[in-house]
Each structure stands twice: as structure tokens, then as C-alpha cells.
Amino acid sequence: MSEEFSYLDKLNDVQRQAVECTEGPMMIIAGAGSGKTRVLTYRIAHLINKGVSPFNILALTFTNKAAREMQERISTIVGASDAKSLWMGTFHSVFAKILRSEAPKLGFPSNFTIYDTDDAQRLVTQIIKDLALDKEIYKPRQVLSRISSLKNNLITTSVYERYPECTEADSAARRPKLIDIYRQYVERCFKAGAMDFDDLLLRTNELLARFPDVLSKYQNMFRYILVDEYQDTNHSQYLIVRALADRFQNICVVGDDSQSIYSFRGANIANILHFNRDYPSAKVFKLEQNYRSTKNIVGAANSVIKRNKEKLDKNVWTSNTDGEKITVVCNPTDNEEAYYIARSIKKFKETEPDDNYEDFAILYRTNAQSRALEDALRRHNIPYKIWGGNSFYSKKEIKDFLAYMRLCINPKDEEALLRIINYPIRGIGNTTIDKLIVTAHHYDRTIFEVIKNLDKLPQLSINSGTRATLDAFSSMIEAFGVYAATDDAFTAGEKILKESGMLKKLASATEPEEIARYENVQEMLNSMKDFVETQKEIADSDSTLASFIQDVSLMTDVDRSDQDKKDSVALMTVHMAKGLEFKTVYIAGMEEELFPSMMSSAERSDVEEERRLFYVALTRAEKRAILTYARQRCRYGKTSDCELSRFVQEIDDQYLDMSVPADMAKSVSNILDASIFGSSDKIVARGASAQNYGQTYRRGGDETSYQRKESAKPTFDTGNFKPVSASSSSQAKAGEINLNVGQRVRHERFGDGTVTAVEGSGIDSKAIIDFDNIGIKKMLLKFAKIQKI
DNA sequence: ATATCGTAACTTTTT
DNA sequence: GTTACGATAT
């Protein structure tokens, strides 16, 4: 074998066949940890080595991150310039790029705006208001998700009208006017020159269906098509792929039906289950050997997933060692769960010095769970990084900044205009804005056009001062438009920030959170600078503001370069973790109603999806998986009792170690661990921990804030608080107090009261107490400092 | 026109 | 525990 094909030696038999079989349709069913990415990257490299031009290869991934990583790996084999010439990216980014050059055919400007979920929701809310519909019945969120699902199934408004079952479905859901909202929504997006995420796929379908010459152009261009995570494609994506592959049939899809976790956004597992129907001649390769995990982990995961009915036949196995069993740990509360995990990481770091922080991941079902975990890690001085969430791009100041940039590129962009027409405050209030909207509607023009032509609308009752302000606003936006057209993205962004008044407004900040806003905007500017620099290195590059905005519209937080935190524990949702691997994985919140999620318990197929999600979580682990759950969790402001997740019970016993005690005393002493307080001789008893809760919050101010944060962790890092050692009186065995209804009690802070009810037993019992002065409170007896009187 | 405060409603998961 | 919206006061 020649030197340049030496990478083939690194593959097992099936993997190599999958790489070398380049022609015709094929499906690779890749079990978790079976080297899927390796096959995909080698296959692309192999195509290039065999002489296929990278311009003729289309490789679609699910996340920008996956695309970037794959590109890097390919460039180590075939060199950077070839790797960069590939058509590789997410469905959304690749087709946004294509649409950008073809948009005029569909009546869109090529600088069309991409509405994010926020923009879309604002628009839907507005439409519901305009149509005078009840927003309790037409909940914007639900309406939007219905529209999204219609679009993903290519049910346009006209298709909707042709199929009575659509109307029936919405009538049944008591939303007969949904079609009116849908129609308005599409109309207003079109007028605004905007597409939402689903439109990027839907309009691509429209483009390929309506313009045979365009279809044939891209069919010829994409002679080889590869789709990663095929199990997560929705109908719209499926149709695009099928249309493009129709000519050459060189389509290679890679996926694992057991890891399909995106049905909530329209992913259709049938696409992979029925691949053979679409391509009867398709070759199927199954990668079943897991190279990632221990036998215990693979076995445990298999024992769970086998309960699903909808799946392809496959047998994932490994020749790795048995390894440790899966540990299951119970903690009294979610906060203590977080502390347990932090301590556990500390312990592993001591006993296994080779492990770095980056070898650990903490996975959870919902983003909201990260708070407690962050808190615990911070207090233990463990570096961590939160992956995902959309916190950066959904910050107000970032959205405002982006809105200015969007508006000057596409003045039809109504969402952007409404965001910033009066920010910073320039005296254009709601009444004026309403008048503008009505006028725009009346003349079938955009708001921006109305503002620009105010002098032709003397009958509009807007006073001359406001008219002047509006005039200044539109001139400013047009000036920005010139920057966008002539300067690079960074230079233009800098000018816009300054001249819009945003910078001045933010720079005058005094409050810490305002300063943070200023810094965020600076960070945005930095990323614009990076963008311009990076574009310089690419042939026929485009470093304009428009190009930047197009890019950034499809970015998530994960895609921001964050090199400062290299060696750190990864925190993310299970969804985010797909495709990643870590030596040690904690899965937090293994509770019914959380994982599986509350929303999913009704339908079997939903539970199956949650189970696949759990399968994904478990199979991220190489050496060790630790499942934790809490008996009480603070959700949604209130604490509620939790039960162990059914998924833990579905794991075959032989892979489980349930022996770790759910020991209250131990966990509480964890909280008081020396590493937190910085003095090792202060391990105090349980009674004192209750004391500390109270003590710390005393400075928190009023009664209500104490009450609300009762179960939260005290904040040690900002104040000058020393742990109070247990005084004899407060050590009065708070947890062991025995209360009966009617008992008069005295609370250190709330005063005297009467017990009206007692719930639960033992250490977790709660009492409802009617305090004479402040009314009814429910308290956890193990924390409350109550005396009988 | 704007600032401030209080309340209601909300949480899966993401491009 | 947060956020977004609406009512009220300035």
C-alpha cells in the first residue's frame, strides 16, 4: 500500500470497507463509540486522495462544532487547502450559503436576515395580538412550534389548505385560526426579507423543486454526499438530501438509530430505519465494536436500550476491560448532589493524578440544573466550562448590537428595527411606533420606508420634534449601511457601536452587571476582529458585515472560541454531549419527571426517545459512569420530592453498584468540607450546618428573601463571612425535633407560631407552621431552628 | 414618554 | 428562580 493511503491501516475490517466503498448509496450504522467520526473523516480524505475534487463533496453535520472538528482532522490527512474547499457544515449553514446566492429567485434579497427563535416568537406574539386572538389559547411558543413542525414537513400554507386533516388537527387542538397566524407569519417574514431556521430548509426545498436548472447545478456539484447523524434528520432535510443525491446516488449516511434524540424538532427516525426502501441497492455496514468504553458501561447501556421497540438490529460489544461498575448515588437535595459531585471529582484527582479536569463531564437533562453544579464547583475551586445554553447570543446587549447590524444590512428587518428604534432612548415611544406600524400596514410598506417618507405623510399625527428624531434615526441607519458596504465587519461594527450611542450608554455603566454588558459587547467586537482576520486567510473571502452576520446567525454559544479554559470540567446537557467522550461521566438528576422528562411520560415513543437520550449519556463514558439523584430538588422555585429514575432501574443489576450510601450526615459534612472554608479543623456537626444557613442569609436582608432562598446555598465568596462554630443552644438537634399538630413553637427569626401540619418522617420531615406575625411557612425540620414552647 | 415595580408564567432538549 | 409583560407613578 502506498504511503498516502496508510491511514487505512488504522481501521478495522468493516471500517475499512466503509471507507473504501466510495460509489453508490450506503448506510453506516455506527454504534456508540465505534469510530464513526474516524470512518467519516477517512472516507472524505480517501475520496480526495482518489482524485475527487473537494468542491464536489458535500458533508453535512449537525453542529458547527462537529463540522469544524472533522475539517481539522481531514486537513491533517489531505492538507488545509483541500479541507477548506469542502462543502462541509450544518444543514442550516450550507443551505443558508446556497440560498444567499439564489435568494432573488425566490423573491428574497440575498442579504436576507435569519430570524432566530426569539425574533420568530416576537413576531408570532405580535401577530396573535393583531388578529385579536386569545394568547392563552394561542400560546406563542406552542403556535411557533406548530408552525415549525408544519414547515419541517413541507406543509406550506397552500398545502395546509388542501388537506382538511390539517385544519381538523388544529381545530381539535382548539386553535382553528392557526392557519391565519401561519399565513401572516410567512407573509411578514417575506416582507421583512427574513427566514427563520426552518425556512432555510423549506426554502431550499422550494428552490430545488421550482428551478430544475438550479437543482441540476447542485446535483452536478455534489457528486458525493455524506450525512452525519442521519437518524436526526427531519423530513425537510431528508428531501433535500434525496433530491441532491438523485443524479449520482453517491450518498453515504451515517447514524445510529439508538441515538436519535431530536424528534422534538422534527427528526424522523424512519429516515434511517427505511433507508433501504429509498435505495434498495444500498450497502449497509454495521460498526458494532465499541472502542470507547468498558464492558460494564457497554453492557449497562445495552441493557437499557434493548427495551426500546423501534430500533435496528445491532449488537454493540467491546473487547475492553470490565472496568468499574456504574455507581448510583443518592443525595438528600439537588445542592448536596452538586457538592457530592464536586467532592468526588476532587477525590479522583487526588487518587488518580493522571486525570485532568477535562477528563470529567457532568451531564444533565435540563440547562436549569447547571446552576447548583456551577456553584459547587466554584466553591471547590474546580475549573469548569459550561457548554451550550444560548446565554451569550441571547443577552440583550448582544441582540441589540446585532439588531443594528442586521437593520443596516437589511432595512426591511422589522424585528431588528423594533428592537432598537428606541434604544438607546431617543424619544420614540410606543404611541409613535404604533402609528408607524399602522401606516406601514396601510400602505403595505415596511416601517423603515414609512420613516424615510414621513414628509410625504403630513397627515400622520406625529409632532415635528418626533419627526426630526425619526429622520435622524433613518439617516443614521443609512450611514451604517454605507459602512457595511465599504468597511470590513470589524471596522463597521466599531463605528456602529459608537455612533448608535450604544457604546456611550454602556460605557457609562456603574453597576457590575452593566459593566458586564459593556464587556460582552467588547467580546462581540473581538470576535468580529477574529472573523476579519480569519477571512483574510481564505481564498475569495468575504469579510463584510453582511457575511459576518450571516455566520453569526447560525452560531451557538459552543461555537465561540473560549480558549482560556482549557483544562476544565465540562458541564452540558445530554443533547450537547452527543458525539463527545470523557473518561469519567457524571449524570446528574437521575429522577422520574426530570430524566425522563415530565413532558415525555405520556407517549411510549417519547419515553423511548428519553431512553435513547439516556443511552447517549451513558455511552459518553470511557472508564467510569456515576449516576446521581436527589430526593428533593428545587425546581421552579419550589422544592419537591423526587423518585429514582426508571432508567437506573432498567440497568441490569450486574453492572450496578448501588452501595454508595445515601448518607445524610456524610453529605452534609461534605458541605462543610475544609476545602470550602479553608481551615481543616472546622468540620462541624449537622446542627451547625443549619446554623450556617441561617447566619449567612441574615445579611440577605428581608424576611421574604430568607424564605425564598432557604434551601439555596449560602454565598461565601462575596462577603466576609466566617463559619460560625456550633453554639450549644443552636445545636439543639434541629433534625430530631418531634412535632405534633397544634404544638406551639418558637423560631429564632420568625418568632412564635403554631404547627398546622407535619409532612414526611425522619430527617426529611416538613412542618407547616402558622407564625403569629408573618403567617404560614413550610419548613424542612432539618434546617429550621425551632424550639417547642 | 419613561421608569419602576409587581405579577404571572414558565423549563425539556437546539439549528 | 427568572424573565417578560403590564399597571402605575413620575
Side-chain angles (χ1 to χ4, degrees), chain A residues 60-67 89-96 114-118 120-122 125 129 135-136 139-142 145 148 152 195-201 229 232-234 236-237 260-267 334 363-372 387-391 393-396 422-434 463 465-466 469 553-559 572-578 589 593-601 606 609-610 612-614 616-617 633-639 704-705 707-712:
Chain A
L60 297 168
T61 61
F62 245 73
T63 62
N64 294 307
K65 184 161 165 271
T90 63
F91 275 90
H92 291 86
S93 69
V94 166
F95 296 116
I114 298 173
Y115 275 178
D116 66 14
T117 314
D118 258 30
Q121 199 155 313
R122 276 168 74 123
T125 311
K129 210 180 261 172
K135 67 174 195 282
E136 291 306 310
K139 295 196 168 150
R141 207 193 168 81
Q142 289 174 9
S145 103
S148 166
N152 285 326
M195 297 197 200
D196 65 17
F197 290 137
D198 305 317
D199 285 333
L200 296 175
L201 307 173
E229 310 282 13
D232 283 327
T233 49
N234 62 33
S236 193
Q237 292 166 323
S260 167
I261 55 175
Y262 281 101
S263 74
F264 70 91
R265 72 171 205 223
D334 48 355
L363 309 183
Y364 37 80
R365 179 68 240 269
T366 63
N367 281 308
Q369 287 166 260
S370 68
R371 178 187 320 274
W387 290 82
N390 244 30
S391 45
Y393 291 109
S394 57
K395 285 180 197 298
K396 183 187 177 301
N422 199 29
Y423 177 84
I425 287 158
R426 43 176 77 87
I428 304 172
N430 283 334
T431 24
T432 308
I433 293 171
D434 284 345
N463 67 41
T466 313
T469 315
S553 304
L554 296 169
M555 294 253 189
T556 61
D557 271 25
V558 186
D559 301 314
M572 67 188 90
T573 62
V574 182
H575 282 89
M576 282 301 316
K578 192 166 72 163
E593 314 245 279
L594 182 61
F595 199 179
S597 138
M598 187 153 49
M599 326 292 277
S600 73
S601 35
D606 289 342
E609 172 143 321
E610 294 283 312
R612 290 191 294 268
L613 193 53
F614 179 58
V616 168
R633 180 168 300 274
C634 183
R635 276 227 265 178
Y636 201 172
K638 288 197 200 76
T639 45
T704 47
S705 85
Q707 224 264 329
R708 234 184 312 117
K709 293 181 177 172
E710 199 163 37
S711 63

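It should be emphasised that the depicted structure is a prediction, and the values quoted were computed from it without experimental measurement. Letters A, B, ... mirror the listed sequences (proteins, then strands); counts begin at 1.
When the P atom is compared between dA4(C) and dT13(B), the two are found 15 Å apart, to the nearest whole Å.
For Arg371(A), taking side-chain heavy atoms from C-beta onward, the closest of the listed nucleotides dT15(B), dT12(B), dT2(C) is dT2(C). Distance from the side chain of Ala368(A) is smallest for dT11(B) among the nucleotides dG6(C), dT11(B), dT12(B). For Asn367(A), taking side-chain heavy atoms from C-beta onward, the closest of the listed nucleotides dA3(B), dT14(B), dA9(B) is dT14(B). Set against dA3(B), dA9(B), dT12(B), the side chain of Ile425(A) has dA3(B) as its closest nucleotide. Closest contact between the side chain of Phe264(A) and the listed nucleotides dG1(C), dT14(B), dG6(C) involves dT14(B).
Met555(A) comes within 4.0 angstrom of nothing in the nucleic acid, heavy atoms only. Contacts of Phe595(A) with the nucleic acid, taken as non-hydrogen atoms under 4.0 Å apart, are absent. Note on Lys396(A): nothing from the nucleic acid sits closer than 4.0 angstrom, heavy atoms only. Nucleic acid contact class of Leu594(A) (heavy atoms, under 4.0 Å, all strands): none. Residue-level contact check: Arg141(A) touches the backbone only, with heavy atoms under 4.0 Å from sugar-phosphate atoms and none from bases. Backbone-only contact: Asn422(A) has heavy atoms under 4.0 Å from sugar-phosphate atoms and none from a base. At a threshold of 4.0 angstrom between heavy atoms, the contacts of Asp116(A) with the nucleic acid are absent. Nucleic acid contact for Ser93(A): none, since no nucleic acid atom lies under 4.0 Å from a heavy atom of the residue. Across all strands shown, Phe62(A) has heavy atoms under 4.0 Å from sugar-phosphate atoms exclusively, and none from any base.
Nearest-nucleotide positions on DNA chain B place Gly429(A) closer to the 5' end than the other of Phe197(A) and Gly429(A). Taking for each of His575(A) and Thr466(A) the nucleotide of DNA chain B with the nearest heavy atom, the 5'-most of the two is the partner of Thr466(A).
Rounded to whole angstrom, the span from the CZ atom of Arg635(A) across to the P atom of dT12(B) amounts to 9 Å. What separates CG of Asn430(A) from P of dA3(B) is a distance of 12 Å, to the nearest Å. If you take NZ of Lys638(A) and P of dA9(B), they are 12 Å apart, rounded to a whole angstrom. For the pair Gln121(A) CD and dT14(B) C1', the computed distance is 14 Å after rounding to whole Å. Protein atom CE of Met576(A) is 11 Å distant from nucleotide atom C1' of dT15(B), rounded to whole Å. With rounding to whole Å, Glu136(A) atom CD is found 13 Å from dT7(B) atom C1'. Between Lys135(A) atom NZ and dA4(C) atom P there is a gap of 14 Å when expressed in whole angstrom units. In this structure, NZ of Lys395(A) is placed 10 Å from P of dT3(C), rounded to the nearest angstrom.
Asp196(A) places no side-chain N or O within donor-acceptor distance of the main-chain N or O of Asp116(A), the cut-off being under 3.5 Å. At distances below 3.5 Å, at least one donor-acceptor pair connects side-chain atoms of Asn64(A) with backbone N or O atoms of Leu554(A). Judged purely by atom type and a 3.5 angstrom limit, Asp232(A) uses its side chain to pair as donor or acceptor with the backbone of Ile261(A). For the pair Arg612(A) (side chain) and Ser260(A) (backbone), a donor-acceptor distance under 3.5 Å is present.
Judged by a 6.0 Å distance limit and a 45° cone about the ring axis, Lys578(A) is not positioned over the six-membered ring of Tyr262(A).
Interface remark: the Arg365(A) side chain does form a donor-acceptor pair with the dT13(B) base, using a distance-only criterion of under 3.5 Å.
Close to dT14(B), at under 4.0 Å from its OP1 or OP2, lies a side-chain N or O of Thr573(A).
The shortest heavy-atom contact between Asn234(A) and Arg265(A) is ND2-O, 3.8 Å. Pairing each heavy atom of Asp334(A) with each of Cys634(A), the nearest pair is OD2-N, 2.9 Å.
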